[in-house]
Amino acid sequence: LWSTHEKKFREIDTNLKDPSFMTWSRCGPQLAIGSQKGNLLIYNNATSKSTLLAGKHSKRISCGAWNLDNKLALASHDRMMSINDEKGDTLDQTKLKYDPYDLQFAEQKIDDKSVQKEHTITVNMGHQTILLYNMTNPENPVELAFQPKYGEITSYKWFGDGYMLIGFNKGY
């Protein structure tokens, strides 16, 4: 790790031979590192302690994100999504229809007066559909599917007042 304040480099021994994903918490000192084998390492920068969670998933952890409540959502090629606390303990999990390629937290506007603060997780599944999973209503996920003429989903981004911009490989 490079510290811009101290202008020093510090090496972290993860004991992971094959990292596949990593992301810093947006509000805490945690760094999450996933592996090709589905293991998860949580490094706490404040305490310099690492916690290895072997077998968090059974296949490669391909994407994940932290929300502002310090919840970590991970998606894996075992076609599972897990929602975890800052220590890596599983709070919830759900099956995915296709392999995940991107995962983001978003604010979802419910009506003209209320916005849920980052309780919605979105997953690009198989470059075909986007899953909207509301953590406060997990029994009713929404899957966005698009006409084949658009092609595969290459990327998407949440912006503004709950809008999503989606890019497709056929130029749409």
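Just so it is clear, the model here is predicted, and its values are computed rather than measured.
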If you look at every heavy atom in S58 and D78, which pair is closest and at what distance? N-OD2, 2.9 Å

Yes or no on side-chain hydrogen bond (donor to acceptor under 3.5 Å, both in side chains) for Y133 and D92, after CA distance, side-chain angles and deciding distance? CA-CA 11 Å; Y133 181 89; D92 195 7; 2.6 Å; yes

Do side-chain atoms of Y172 reach the backbone of K149 as a donor and acceptor pair under 3.5 angstrom? no

Residues in side-chain contact (heavy atoms from CB on, under 4.5 Å) contact with L144, at least two apart in sequence or another chain: I130, L132, V142, F146, M164

Of all the heavy-atom pairs spanning G88 and N84, show the shortest one and how long it is. O-OD1, 3.7 Å

So, using side-chain contact (heavy atoms from CB on, under 4.5 Å) as the criterion, who are the partners of D99 when residues are at least two apart? H77, R79, Y101

Grab the two heavy atoms, one from F168 and one from Y150, that are nearest each other, plus how far apart they are. CB-O, 3.0 Å

Heavy-atom donor-acceptor pair, H127 side chain to I153 backbone, under 3.5 Å: yes

Determine whether W2 and K7 make a side-chain contact, defined as any pair of heavy atoms from C-beta on separated by less than 4.5 Å. yes

From L16 CG over to S35 OG, what is the distance, rounded to the nearest 0.5 angstrom? 5.5 Å

Is it the case that atom CZ in F159 sees more than 12 heavy atoms from other parts of the structure closer than 6.0 Å? yes

If you group Ile, Leu, Val, Met, Phe, Trp and Tyr by side-chain heavy-atom gaps below 4.5 Å, do I121 and L72 land in one group? no

Indicate the atoms forming the closest heavy-atom contact of Y98 with Q128, along with that distance. CE1-CB, 4.3 Å

What is the distance from atom OG1 of T154 to atom CG of N124, rounded to the nearest 0.5 Å? 8.5 Å

Do L103 and M135 belong together in a cluster built from hydrophobic side chains that touch within less than 4.5 Å? yes

Which pairs pass side-chain hydrogen bond (donor to acceptor under 3.5 Å, both in side chains) with one or both residues in residues 63-74, sequence neighbours excluded? S25-N70, Q30-N70

Sequence neighbours excluded and cut-off under 3.5 Å, please list the side-chain donor-acceptor pairs for residues 42-51, or say none.
from	atom 1	to	atom 2	distance (Å)
Y43	OH	R10	NH1	3.2
N44	OD1	A46	N	2.8
N44	OD1	T47	N	3.1
N45	OD1	R10	NH2	2.6
T47	OG1	K49	N	3.4
S48	OG	R10	NH1	3.0

CD/E118 to CD/Q104 distance, rounded to the nearest 0.5 angstrom? 10.5 Å

Tell me whether the count of non-hydrogen atoms from other residues, nucleotides or ligands lying under 6.0 Å of NZ in K95 goes above 12. yes

Honestly curious: do L40 and I83 fall in one hydrophobic cluster under the side-chain, below-4.5 Å linking rule? no

Ignoring hydrogens and geometry, is there a side-chain-to-backbone donor-acceptor pair from K37 to H57 under 3.5 Å? no

Starting from the C-alpha separation in whole Å, work towards a yes-or-no answer on side-chain contact (heavy atoms from CB on, under 4.5 Å) for T122 and W158. CA-CA 10 Å; T122 54; W158 285 93; 3.1 Å; yes

Report the distance from atom CD1 of I61 to atom CE of M81, rounding to the nearest 0.5 Å. 13.5 Å

Pairwise distance NZ(K157) to CG(D102) - rounded to 0.5 angstrom: 8.5 Å

Can you tell me if S76 uses its side chain to pair, donor with acceptor, with the backbone of R60 under 3.5 Å? yes

Any link between L31 and F21 through a network of hydrophobic side chains (Ile, Leu, Val, Met, Phe, Trp, Tyr) touching at under 4.5 Å? no

Closest heavy-atom pair, G55 versus N39, reported as atoms and distance to 0.1 Å, is N-OD1, 2.8 Å

Test of understanding: with salt bridge (charged side-chain N to carboxylate O under 4.0 Å, His left out), list the residues that count as partners of K59, not counting sequence neighbours. none

Test side-chain contact (heavy atoms from CB on, under 4.5 Å) applied to E11 and D13, step by step: CA-CA 7 Å; E11 191 172 313; D13 187 9; 5.8 Å; no

By side-chain hydrogen bond (donor to acceptor under 3.5 Å, both in side chains), D89 pairs with (sequence neighbours left out) none

For the pair Q36 (side chain) and K17 (backbone), establish whether a donor and an acceptor sit closer than 3.5 Å, ignoring hydrogens and angles. no

What's the shortest heavy-atom distance between L68 and C27, and which atoms? O-SG, 3.5 Å

Would a single hydrophobic cluster contain both L41 and M22, if residues Ile, Leu, Val, Met, Phe, Trp and Tyr are joined by side-chain heavy-atom contacts under 4.5 Å? yes

